[in-house]
Structure formats: C-alpha cells, structure tokens
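Residues: numbered from 1 along the sequence shown. These figures come from a predicted structure and were not determined experimentally.
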Amino acid sequence: MGSEPLGSVLARAIRNFGDLTSLPVESVSRVERADDGWQVNFEVIELERVPRVTDVLASYEVDVDPSGNLLAWRRMRRYIRKQEADA
C-alpha cells in the first residue's frame, strides 16, 4: 500500500469526488482500510434548500486507492438534514 498520509489521501478523494459528481462533500463520516486502499463514507449536499434544515443530503460509500484516486462509489441513503439532527 502507498505511504501517503491519510489526510492527503482524503483531500484527494474529496477533490476527485467533487470534480466527478459536482456534489459538495460536507463531511467524512467513516474511513476504513480496505485490501486495495480505503473505503470512505462522505456526507454530501444533494439539494440545498431554505431553511438549511430542509437540505437533502446523502451518504456515499467511496472506494479509493492508496493515493486517494476514486475506484467506485455508491449512494447508500438520502435524508433531510433535520432527520440527522433528530437522530
């Protein structure tokens, strides 16, 4: 596996995900080492609304190589921001 610091790997993965999907990553909710790199969960804003508590967010599971290059991604769930606050 590569020897890049995890922060650099995540920064590259966030940048690549945003470039490919045009979705702003709001947070990283999970990072786990995988056989061929890392598996990361991003919380992204899919639809901005007013007020912000009604924004539509989604959780994406993203597979990246040891350098942070995207291998695959899939949306795991969609939710309203307020639902997260109520959980």
Side-chain angles (χ1 to χ4, degrees):
M1 245 185 243
S3 60
E4 290 193 47
L6 182 57
S8 297
V9 171
L10 289 175
R12 180 174 290 132
I14 290 168
R15 186 173 53 251
N16 289 341
F17 183 83
D19 289 348
L20 289 170
T21 64
S22 299
L23 296 171
V25 174
E26 181 156 284
S27 65
V28 175
S29 58
R30 179 177 152 266
V31 178
E32 187 175 316
R33 189 175 291 278
D35 292 336
D36 56 349
W38 297 92
Q39 193 170 75
V40 183
N41 280 35
F42 293 149
E43 304 306 313
V44 304
I45 302 170
E46 288 200 332
L47 180 61
E48 290 186 76
R49 293 182 173 165
V50 176
R52 286 193 71 217
V53 295
T54 62
D55 287 351
V56 177
L57 287 86
S59 181
Y60 281 81
E61 186 176 86
V62 181
D63 298 329
V64 299
D65 71 11
S67 297
N69 298 307
L70 273 65
L71 301 173
W73 69 87
R74 58 211 142 276
R75 183 170 61 196
M76 303 306 288
R77 73 181 188 114
R78 288 181 91 192
Y79 57 96
I80 305 298
R81 185 183 298 275
K82 182 164 177 7
Q83 289 174 332
E84 180 181 74
D86 291 342

Taking only residues two or more places apart in sequence, or in another chain, which ones meet [X] in a side-chain hydrogen bond (donor to acceptor under 3.5 Å, both in side chains)?
X     : result
Ser29 : Glu43
Arg52 : none
Asn69 : Asp65
Glu46 : Tyr60, Arg75, Arg78

Subject >> Any residue meeting side chain to side chain contact (heavy atoms under 4.5 Å, CB included) with Arg49, in chain and number order, not counting sequence neighbours >> reply: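 Partners of Arg49 under the side chain to side chain contact (heavy atoms under 4.5 Å, CB included) test: Leu47, Thr54, Asp55, Val56, Ile80.
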
Original post:
For Val31, what residues pass the side chain to side chain contact (heavy atoms under 4.5 Å, CB included) criterion, not counting sequence neighbours?
Top reply: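 In terms of side chain to side chain contact (heavy atoms under 4.5 Å, CB included), with neighbours along the sequence ignored, Val31 is linked to Leu6, Leu10, Val28, Trp38, Val40.
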
Original post:
Will you find, in the side chains of Arg33 and Gln39, an N or O donor that is under 3.5 Å from an N or O acceptor?
Top reply: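 Note: Arg33 and Gln39 side chains miss the donor-acceptor criterion.
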
Original post:
Checking side chain to side chain contact (heavy atoms under 4.5 Å, CB included) for the pair Val64/Leu71: CA distance, chi angles, key distance, verdict?
Top reply: CA-CA 5 Å; Val64 299; Leu71 301 173; 5.6 Å; no

Nearest 0.5 Å please: distance from the [atom1] atom of [X] over to the [atom2] atom of [Y].
X     : Y     : atom1 : atom2 : answer
Arg77 : Asn41 : CZ    : CG    : 10.0 Å
Arg30 : Met76 : CZ    : CE    : 8.5 Å
Phe42 : Ile14 : CZ    : CD1   : 5.0 Å

**OP:** Start with the C-alpha gap between Arg81 and Glu48, add the side-chain angles, then the distance that decides, and say whether salt bridge (Lys or Arg N to Asp or Glu O under 4.0 Å) holds.
**Re:** CA-CA 10 Å; Arg81 185 183 298 275; Glu48 290 186 76; over 6 Å; no

Original post:
Minimum heavy-atom separation for Pro66 to Val9, with atom names?
Top reply: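 That would be O-CG2, 3.2 Å.
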
Original post:
Going by heavy atoms in the side chains, are Trp73 and Leu70 under 4.5 Å from each other?
Top reply: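 Side chain of Trp73 against side chain of Leu70, heavy atoms only: contact under 4.5 Å found.
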
Subject >> Of all pairs that satisfy side-chain hydrogen bond (donor to acceptor under 3.5 Å, both in side chains), the ones with a partner from residues 5-21, not counting sequence neighbours >> reply: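 Matches after skipping sequence neighbours: Glu4-Arg12.
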
